[in-house]
Amino acid sequence: MDKDFFIELYLYNFWANMRVWECIEELTEEEFFRELAYSIGSIHIQVAHTLAVEAWWFNFLQTGVVEFIKEEDLTNREIIRKQWDITEKQVMAYLNMLTTEELNRKVMPPSWENKPAITVRDALVQVANHSTDHRSQTLSGLHQLGATTIEQDYLVYLWEKETDK
């Protein structure tokens with residue numbers, strides 16, 4: 001797993017986020033904020049949480065500082081989408097500077113009491129996996145609301161990418 005692997009992994013992550021986002025855009029405001037009985041709540045909370053976690057991890061990896069985007073500041077779809085665009089640019093800037101040494105660097109957020117440090121490589125896998133998990137939960141919520149859902153498989157990403165050439 002090298003820099004190119006992680007760039008491709010996060011291009012897939014952004015692609016999948018955007019596909020789910022297109023489904024979210026079809027929701028009414030009431031549906032977007034409706035409390036759901038699965039996972040962490042509404043579609044709004046799902047996407048705000050996913051974004052906030054991606055942003056804090058990449059900020060932490062770059063600066064060593066844990067700084068959360070407060071989910072309560074992500075009050076509507078427009079704000080979330082703008083912040084996601086900013087976060088994607090930050091992620092790509094970081095991934096483009098990756099080296100083997102950086103991927104092997106050990107990190108441990110300050111809140112991890114009595115837990116071992118992990119490598120940057122493992123942190124990058126964790127963040128992508130976390131986002132996939134919450135996209136799946138968001139898709140379940142969209143289905144409960146009767147909204148359109150999509151495939152988010154990596155294979156679909158690869159096939160679409162090949163077709164776009």
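- Trp15 places a side-chain heavy atom less than 4.5 Å from the side chain of Val156.
- Environment of CD in Glu67: sparse, with no more than 12 heavy atoms of neighbouring residues, nucleotides or ligands closer than 6.0 Å.
- For the residue pair Leu61 and Arg105, the shortest heavy atom distance occurs at O-NH2, 2.7 Å.
- Residues that satisfy the salt bridge (charged side-chain N to carboxylate O under 4.0 Å, His left out) test with Glu101, not counting sequence neighbours, are absent from this structure.
- Glu30 is linked by a salt bridge (charged side-chain N to carboxylate O under 4.0 Å, His left out) to Arg34, counting only residues two or more places apart in sequence or in another chain.
- For the residue pair Asp122 and Gln126, no side-chain donor N or O sits within less than 3.5 Å of a side-chain acceptor on the partner.
- The side-chain hydrogen bond (donor to acceptor under 3.5 Å, both in side chains) with Tyr157 is formed by just one residue from the set Arg19, Glu8, Gln152, Glu151; it is Glu8.
- Within the structure, salt bridge (charged side-chain N to carboxylate O under 4.0 Å, His left out) pairs that include any residue of residues 38-48 do not occur (at least two apart or interchain).
- Taking every heavy atom of both residues into account, Thr75 and Ile79 meet most closely at OG1-CD1, 3.2 Å.
- Considering only heavy atoms from C-beta on, Val47 stays 4.5 Å or farther from Leu74 through its side chain.
- Under the 3.5 Å distance criterion, the side-chain polar atoms of Asn104 are matched with a main-chain donor or acceptor of Thr100.
- Taking the six-membered ring where the residue is Trp, His44 and Phe32 present perpendicular rings, their angle passing 60° and hence far from 30°.
- For the residue pair Cys23 and Leu142, the shortest heavy atom distance occurs at CB-CD1, 3.7 Å.
- Of the possible polar contacts, none joining the Glu102 side chain to the Thr99 backbone as a donor-acceptor pair under 3.5 Å is found.
- Not a single donor-acceptor pair under 3.5 Å links the side chain of Ser140 to the backbone N or O of Ser136.
- Note on Val127 and Trp21: separate hydrophobic clusters, where clusters join Ile, Leu, Val, Met, Phe, Trp and Tyr whose side-chain heavy atoms are under 4.5 Å apart, directly or indirectly.
- Between the side chains of Thr132 and Arg135, at least one donor N or O lies within less than 3.5 Å of an accepting N or O.
- In this structure, Tyr10 has its ring center closer than 6.0 angstrom to the ring center of Phe58.
- Here the side chains of Ile118 and Trp112 are in contact, with some heavy-atom distance below 4.5 Å.
- At least one side-chain heavy atom of Gln90 sits less than 4.5 Å from a side-chain heavy atom of Thr87.
- Between Arg81 and Asp85 there is a salt bridge, since a side-chain N of the basic residue sits under 4.0 Å from a carboxylate O of the acidic one.
- When all heavy atoms are compared, the tightest approach of Leu36 to Gly141 is CD1-CA, 3.6 Å.
- Remark: side-chain polar atoms of Asp2 are paired, donor with acceptor, to backbone N or O of Asp4 under 3.5 angstrom.
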Could you go through Thr119 and Lys106, starting from their C-alpha distance and side-chain angles, then the distance that decides it, and tell me whether this counts as side chain to side chain contact (heavy atoms under 4.5 Å, CB included)?
CA-CA 4 Å; Thr119 63; Lys106 294 280 191 169; 4.2 Å; yes
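- Between atom CZ of residue Phe33 and atom CD1 of residue Ile43 there is a gap of 11.5 Å, rounded to the nearest 0.5 Å.
- Atom-to-atom distance recorded for Lys3:NZ and Tyr94:OH is 12.0 Å, nearest 0.5 angstrom.
- Without hydrogens or angle criteria, Asn13 side chain to Leu9 main chain gives no donor-acceptor distance under 3.5 Å.
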Please lay out, stage by stage, how Glu29 and Arg77 fare under the test salt bridge (Lys or Arg N to Asp or Glu O under 4.0 Å).
CA-CA 9 Å; Glu29 285 300 294; Arg77 286 181 265 202; 2.5 Å; yes
